[in-house]
Amino acid sequence: QAQLVESGGGSVQSGGSLRLSCAASGYTISSYYMGWFRQTPENEREGVAGIGSDGSTNYADSVKGRFTISRDMSKDTLYLEMSSLKPEDTAMYYCARGYRRGFHYTLLRAQDFTSWGQGTQVTVSS
């Protein structure tokens with residue numbers, strides 16, 4: 001059964017850094033488009049970063065230049081390196097995979113993704 005487990009969240013001060021991890025089981029992450037999303041109680045789940053089967057990446061404008069998505073195919077683990085964190089980055093962060101194997105998603109829309117993890121909380125204080 002396909003499963004994703006996030007870790008690495010925590011509390012940091014503005015300007016700090018964190019690295020989130022997402023361990024996959026039941027499938028090979030390189031076969032799917034993988035994404036990181038975040039959600040606050042007030043907002044809908046929004047796409048943060050994505051990485052395709054070919055290694056190409058995509059970022060939300062709000063995180064470009066600050067966040068980096070990567071993967072370790074030998075470990076079937078997805079990462080999100082976050083730097084220059086801002087209070088507005090505070091959210092629950094989730095990883096997920098695209099529904100269609102091998103499909104390259106140009107938009108990070110939550111409805112196109114499945115196998116959501118339980119999430120990991122990131123809190124940035126000013």
Side-chain angles (χ1 to χ4, degrees):
Q1 183 176 354
Q3 186 176 11
L4 294 170
V5 179
E6 302 96 335
S7 62
S11 297
V12 296
Q13 290 192 325
S14 182
S17 301
L18 282 173
R19 186 177 83 157
L20 306 184
S21 299
C22 171
S25 59
Y27 62 95
T28 302
I29 63 170
S30 59
S31 298
Y32 293 89
Y33 196 95
M34 302 295 296
W36 282 101
F37 294 79
R38 65 187 181 187
Q39 187 172 20
T40 65
E42 301 80 19
N43 298 313
E44 293 184 352
R45 195 165 295 189
E46 65 169 347
V48 174
I51 184 167
S53 299
D54 62 356
S56 60
T57 57
N58 184 26
Y59 297 93
D61 288 342
S62 59
V63 306
K64 280 181 181 177
R66 300 188 299 121
F67 290 12
T68 302
I69 188 170
S70 63
R71 61 189 179 185
D72 185 335
M73 290 184 283
S74 68
K75 298 180 180 180
D76 274 325
T77 299
L78 187 71
Y79 301 100
L80 185 68
E81 295 273 2
M82 305 184 296
S83 62
S84 301
L85 283 163
K86 305 174 182 179
E88 51 263 44
D89 295 318
T90 295
M92 184 72 79
Y93 283 71
Y94 301 88
C95 61
R97 69 166 176 86
Y99 272 108
R100 296 172 58 184
R101 180 172 178 170
F103 187 80
H104 187 90
Y105 292 85
T106 56
L107 296 176
L108 293 169
R109 303 186 309 176
Q111 61 261 40
D112 293 331
F113 287 75
T114 185
S115 297
W116 296 91
Q118 82 289 348
T120 186
Q121 178 68 36
V122 172
T123 303
V124 184
S125 58
S126 57

**Asked** When hydrophobic residues are tied together by side-chain contacts of less than 4.5 Å, even through go-betweens, does Ile69 share a cluster with Met82?
**Response** yes
**Item:** Polar side-chain atom of Ser83 near backbone of Arg66 as donor-acceptor pair, under 3.5 Å
**Value:** yes
**Message:** Please find the pair of heavy atoms, one from Ala24 and one from Ile29, that lie closest to each other, and give the distance.
**Reply:** CB-CG2, 3.4 Å
**Message:** Please determine whether residues Leu78 and Trp116 belong to a single hydrophobic cluster, defined as Ile, Leu, Val, Met, Phe, Trp and Tyr linked transitively by side-chain heavy-atom distances below 4.5 Å.
**Reply:** no
**Request:** Determine whether Tyr79 and Val122 fall in the same hydrophobic cluster, where Ile, Leu, Val, Met, Phe, Trp and Tyr are linked whenever their side-chain heavy atoms lie under 4.5 Å apart.
**Result:** no
**Asked** Of all heavy-atom pairs between Gly102 and Ser53, which one has the smallest distance, and what is that distance?
**Response** CA-OG, 4.0 Å
**Fill in**
Exactly one of Leu20, Leu18, Thr120 clears side-chain contact (heavy atoms from CB on, under 4.5 Å) with Leu80, and that residue is Leu20
**Asked** With a 4.5 Å heavy-atom cut-off, do Gln121 and Thr90 have their side chains touching?
**Response** yes
**Request:** Verify, without hydrogens or angle tests, whether Gln39 (side chain) and Ala91 (backbone) share a donor-acceptor contact under 3.5 angstrom.
**Result:** no
**Request:** Evaluate the side-chain proximity of Phe67 to Asp89: yes if any heavy-atom separation is below 4.5 Å, no if none is.
**Result:** yes
**Prompt:** Taking everything shown except Gln111 itself, do over 12 heavy atoms lie less than 6.0 Å from its CD?
**Reply:** yes
**Complete:** Tightest non-hydrogen contact, residues Arg38 and Tyr93, listed as NH1-OH, 2.9 Å
**Message:** Between Arg97 and Thr114, is the side-chain contact (heavy atoms from CB on, under 4.5 Å) condition met? List the steps.
**Reply:** CA-CA 6 Å; Arg97 69 166 176 86; Thr114 185; 4.0 Å; yes
**Prompt:** With a 4.5 Å heavy-atom cut-off, do Met34 and Leu4 have their side chains touching?
**Reply:** yes
**Asked** Is it the case that one hydrophobic cluster holds both Tyr99 and Phe37, taking links as side-chain heavy atoms less than 4.5 Å apart, direct or via other members?
**Response** yes
**Request:** Compare every heavy atom of Asp76 with every heavy atom of Thr28, then report the nearest pair and how far apart it is.
**Result:** CA-OD1, 3.5 Å
**Prompt:** So which heavy atom on Ser14 is nearest to which on Ser126, and how close?
**Reply:** CB-CA, 4.2 Å
**Message:** Contact between Leu107 and Asp112 at the side-chain level, heavy atoms closer than 4.5 Å - yes or no?
**Reply:** no
**Close side-chain approach of Tyr27 and Arg101, heavy atoms under 4.5 Å** = no
**Glu6 side chain to Gly119 backbone, donor-acceptor under 3.5 Å** = yes
**Item:** same_hphob_cluster(Tyr33, Trp36) at 4.5 Å side-chain heavy-atom cutoff
**Value:** no
**Message:** Rounded to the nearest 0.5 Å, what separates atom CE in Met92 from atom CD in Gln118?
**Reply:** 8.5 Å
**Message:** Once you measure the plane-to-plane angle for Phe113 and Tyr105, does it fall in the parallel (<30°), tilted (30-60°) or perpendicular (>60°) bin?
**Reply:** tilted
**Prompt:** With a 4.5 Å limit on heavy-atom distance, are the side chains of Tyr59 and Thr68 in contact?
**Reply:** yes
**Message:** Main chain of Thr106, side chain of Asn58: is a donor-acceptor contact present, judged purely on distance under 3.5 Å?
**Reply:** yes
**Asked** Do Lys75 and Ser21 have side chains that get closer than 4.5 Å, going by heavy atoms?
**Response** no
**Request:** Calculate, to the nearest 0.5 Å, the distance between atoms NZ and OG belonging to Lys86 and Ser84 respectively.
**Result:** 8.0 Å
**Side-chain touch Thr77/Arg71, heavy atoms, less than 4.5 angstrom** = no
